[in-house]
Amino acid sequence: MKEELEKRVVKGPDGVEFEVDPLRDYYCQSAPTVMPPAYIKIVEELFNWARAESIWILGFGTGCGAIEMRPLMTPRFDAYRYGIQWRPTPRQANLFVISGYLSVKTLKRAIRSYEQMQNPKYVVGLGSCTINGGMYWDSYNTIKRLDDYLPVDLYITGCMPRPEALLAGFQELKRLIRAGQAEGANRYAEQFEWYKANQKRVIHDWDMPDYNW
Amino acid sequence: MDFDWIRIPYALLTLFIVFNYGLLLNALIAKIAARVGRRHGIPIWQNYIDLIKNYGLRSSITHGAMYYLGPVFRLSGGVGLLLFVPTIHGSLMFANLSFAGDLILALYFVFFGTLGMALGAGESGHPHAAIGISRGLSQVTAAELPFALAVFSVALQYQTLSVSEIVAAQQGGMLNWTLFTNPFAVAAAMLSFLGSMMRPPFDVVIAPQEIPIGPPTEYHSSYLALMQTNRAIFPIAKVVVYMNLFFGGATSWPLFCVKVFLIYMVSVLVGVVFPRFRVEQSVRWFLVWALPLGVVAILLV
């Protein structure tokens, strides 16, 4: 465990000594819970429509596929006209695009970012690497099946998929959201133990709390 | 003291109109900026959808009481500014809750939201929020100085602290506007206006690339939605103050829309042309260029 995460006694500016346990004090200890949809069907449908038409992507590129997301902001592809925007902070983002191979080191950051996002949230796996490891199938430090670690709503295949493929994929994601089938956040909460066990199996230097928002 | 209770629903109607106008105007300006970059841009109703979505998110996390109150303060700053300033001159219906000393109150409300946001974002505990807040407060304070001088100059010129009377004094032709009767005050105020609209060159506060959007880094779900609501109301309310003080006010809603759009576009046009200032550069810029104009305006009156 890193030195700054260990329990220690700190002396404050006024001379009072107090104990700091970063993992307990700085993070929430409670696991995610299943959040049911709104009770009235028509309200939930309205929300689902709004969620589909306003997708905010977390600006976090994990692999080489991140390069294929940038053209979407440019005049040639212009994803903004479909209500797709990029947000710099996980708190405000709804969609996490895992863009290509995911090394174990990055997986840790990806998990932390994903858990900080608010329910409902969606994960799109981009490229073959997220499905079966792709060209990194025998690598010692990348994960092979993204679905074992985070609840994936949609895969976009290819190596690399073109920006057009991404746009088509986002349209498909919209259809799923409108149909109320994109409940990845609740799936993650239901199967929390299973996901955590999988994550801990590959991340050997696990120096964070089990659930960190 | 007798109070005309019908003024409250009328003021709420103003709020409703301005809220919708603000949402559409923000989208329109995003669209114009997109067209400058030869993009198609967001749909004009995108802001409504974003709002519904953010209010409709299922989970939200709090960091404490001030964290709750930050967006509330921000929104009340915008709404308060709008409610206490007459929107349409000569219309009893849209005079809102204006009274004799409303100019001072307006000055206060302009600053109110920033302070509330500082407290709320401070409690979120995110280092980027703290950086954004310190940048924002120093920049807004520097930008507020020339504006305050300009407002005092205008108040001296018309010998009143009532926005309604200032508007009334400017009626009867364009040459009666403060723009022509007191050009130095208007120049100082317009330079300060650039600083408070969160557009380049003065948008280092929210700097999306380096300190992920600064103060609202930790805000999400309904908190963020409240701030988006304010984002629609506050700039319009501020432009209304400027329109009333310097550009002769508006006598009807169409005129209101045109004038607000044109004044708003000043900051947008400057924004698309000039790159971003660092904080100390912008503070120096306000003190060197805008403040002397404000002092001259006071001296000339």
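Reminder, nothing fancy here: chain letters follow the sequence lines and each chain counts from 1.
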Requested in this report: Mind ranking B/His40, B/His220, B/Arg58, B/Gln46 by heavy-atom pairs under 4.5 Å with chain A and telling me who comes out on top?
Outcome: B/Arg58

Query - Gap between atom OG of B/Ser60 and atom CZ of A/Arg91 - 0.5 Å precision - result: 10.5 Å

Query raised in the report: Would you find more than 12 non-hydrogen atoms of other residues, nucleotides or ligands less than 6.0 Å from A/Lys200 atom NZ?
Result: yes

Query raised in the report: Does B/Phe111 CZ have over 12 foreign heavy atoms under 6.0 Å away?
Result: yes

Requested in this report: Before giving the answer on side-chain contact (heavy atoms from CB on, under 4.5 Å), spell out for B/Ile49 and A/Trp49 the whole-Å C-alpha distance, their side-chain angles and the decisive distance to 0.1 Å.
Outcome: CA-CA 9 Å; B/Ile49 304 178; A/Trp49 168 78; 3.9 Å; yes

Requested in this report: May I ask you to name which of A/Ala79, A/Pro37, A/Pro32 has the most heavy-atom pairs under 4.5 Å with chain B?
Outcome: A/Pro37

Report summary line: Highest number of heavy-atom pairs under 4.5 Å with chain A among B/Ile52, B/Ile42, B/Asp50 belongs to B/Asp50

Report task. Using a heavy-atom cutoff of under 4.5 Å, enumerate the residues of residues 170-188 of chain A that contact chain B, numbered in order, or state 'none'. Result -> A/Glu183, A/Asn186

Query raised in the report: So which residues of residues 61-77 of chain A are in contact with chain B at a heavy-atom cut-off of under 4.5 Å?
Result: A/Met73, A/Thr74, A/Pro75

Report task. Considering only heavy atoms, give the residues of residues 50-59 of chain A separated from chain B by less than 4.5 Å, sorted numerically, with 'none' for an empty result. Result -> A/Ala50, A/Arg51, A/Glu53, A/Ser54, A/Trp56

Report summary line: In short, salt bridge (Lys or Arg N to Asp or Glu O under 4.0 Å) pairs touching residues 20-49 of chain B with sequence neighbours left out are A/Asp78-B/Arg39

Query - Flag side-chain contact, heavy atom, 4.5 Å: B/Lys53 against A/Asn94 - result: yes

**Report entry** Which of A/Gln85, A/Met35, A/Gln118 touches chain B most, by non-hydrogen pairs under 4.5 Å
**Finding:** A/Gln118

Query raised in the report: Do other residues, nucleotides or ligands put more than 12 heavy atoms under 6.0 Å from A/Trp194 CH2?
Result: yes

Query raised in the report: Does atom CZ of B/Arg278 have more than 12 heavy-atom neighbours, drawn from other residues, nucleotides or ligands, at distances under 6.0 Å?
Result: no

Query - Region of A/Pro36 that comes under 4.5 Å of a non-hydrogen atom in chain B - result: backbone

**Report entry** Any side-chain heavy-atom pair of B/Leu57 and A/Phe47 under 4.5 Å
**Finding:** no

Query raised in the report: What closest approach, in Å, do A/Tyr80 and B/Pro43 show between heavy atoms, and which atom pair accounts for it?
Result: O-CD, 3.9 Å

